[in-house]
Amino acid sequence: MKFWVGVTDNNWFGFLADLKPDEVNFWRPSGKTFGVIDTGAPFLFKLHSPLDFIVGGGFFVRSYTLPLTLAWDAFHSKNGAPDIQSLRSLIQGHRPNIGFNPEIGCIILNEPFFFPRDLWIKIPASWKSNIVSGKKYNTTETDGRELWKQVEEKIIQLRIEQPGIGQTSLALPETPAYGQEYLTRARLGQGAFRILVTDAYHRRCSITGERTLPVLQASHIKPLSQEGPNRTDNGLLLRSDLHILFDKGYMTVTPDYRVEVSRRIREEFNNGKLYYPLHGNFIQNLPDDPGDHPDKEFLRWHNEEVYVG
């Protein structure tokens, strides 16, 4: 197994260790993406010197270059800052003159874990002091195997001390899931869901093709309150007004990807001229990967349980 040890801002770690979120955005001020390890692989946190310890980690989902405002809307304090102004200031500390809405590199990590001080792990001897961003390890090699063994031991200890933490990934299965299998099996957070859906639909409304990013929202077909998962095939990227209509049942998408607009808009509001031209149209914009297409069973559920007809 290949995994990454990333050099981590000490304050970022401290803030999130107190918060204990279900996901984090390990952002990079440069705007560079990250693709060194597979989806589902561990990404460990190593503090800046002189605190040369591995202090926690998470499980890699995806890496994107995102506008600051979208990163904040998706993850809020899970970016490691209490508000967007603080986050912008942190980025400016590394990259002056960034402007109002810079593009930043975002490494989405699922089910992060944070070791208390007594569980910190000393970095391997193979770690060089001139490493700036991080280092890849492999459990087929001695130092990687020994390091991951220590991490497993600390995770087990952590779960004894904090029951219920990381029920999916921290179960440490003998055969970890990677790639699409991980995205299907893992309990992804709301921020990861939003970004995965936004990317799958190429930042375009699935129904209208609208590209104005601030008004596009990732909609659950079957909501979390009804045990719908945070998976791309349970999502549609919709313009914000269409998202509201979809959630309230005034609009739906059939299992053959045809849009239906309820007659109730006209009956209840004496309006709907913006929406009825969409009735009968097929979705304009589907993800490239068929595995990300809206699941027909989720769509059928929305047709039967939410759509008011």
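Below, each value reflects all heavy atoms present in this structure, side chains not excepted, and no hydrogens, waters or symmetry copies.
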*In a check of ring pair (Phe, Tyr, Trp, His ring centres under 6.0 Å) between F60 and each of W4, F3, F34, which one passes?*
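The passing option is F34.
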[X]: what forms a salt bridge (Lys or Arg N to Asp or Glu O under 4.0 Å) with it, not counting sequence neighbours?
| X | value |
| --- | --- |
| D22 | K78 |
| R266 | none |
| R258 | E260 |

Qualifying salt bridge (charged side-chain N to carboxylate O under 4.0 Å, His left out) pairs, either residue in [range], two or more places apart:
| range | value |
| --- | --- |
| residues 139-149 | none |
| residues 208-231 | R231-D233 |
| residues 300-309 | E297-R300 |
| residues 235-255 | R239-D241 |

*Does any pair with a residue in residues 79-91 pass side chain to side chain donor-acceptor pair (under 3.5 Å), and if so which ones, sequence neighbours excluded?*
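Applying side chain to side chain donor-acceptor pair (under 3.5 Å) to every pair that reaches into residues 79-91, excluding sequence neighbours, yields N25-N79, D83-S86.
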*What side chain to side chain donor-acceptor pair (under 3.5 Å) pairs are there with at least one residue in residues 40-49, not counting sequence neighbours?*
K46-D52, S49-D52
*Given the side-chain rings of Y275 and F269, with only the six-membered ring counted for Trp, is the space between their centroids under 6.0 Å?*
no
*asked:* Looking at N130, I want to see if its CG is surrounded by more than 12 non-hydrogen atoms of other residues, nucleotides or ligands under 6.0 Å.
replied: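 Counting other residues, nucleotides and ligands, CG of N130 exceeds 12 neighbours.
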_F100: hydrophobic cluster co-members (side-chain, 4.5 Å)_ = none
_If hydrophobic residues (ILVMFWY) are linked whenever their side-chain heavy atoms come closer than 4.5 Å, directly or via other members, who joins Y307 in its cluster?_
none
*D288: what forms a side chain to side chain donor-acceptor pair (under 3.5 Å) with it, not counting sequence neighbours?*
H202
*asked:* When you measure from the side chain of T139 to the backbone of M1, do you find a donor-acceptor pair of N or O atoms at a distance under 3.5 Å?
replied: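 Pair found, side chain donor or acceptor close to backbone of M1.
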*Determine whether L51 and I123 fall in the same hydrophobic cluster, where Ile, Leu, Val, Met, Phe, Trp and Tyr are linked whenever their side-chain heavy atoms lie under 4.5 Å apart.*
yes
*Is there a side chain to side chain donor-acceptor pair (under 3.5 Å) between N110 and Y182 once you walk through the steps?*
CA-CA 11 Å; N110 194 41; Y182 177 82; 3.1 Å; yes
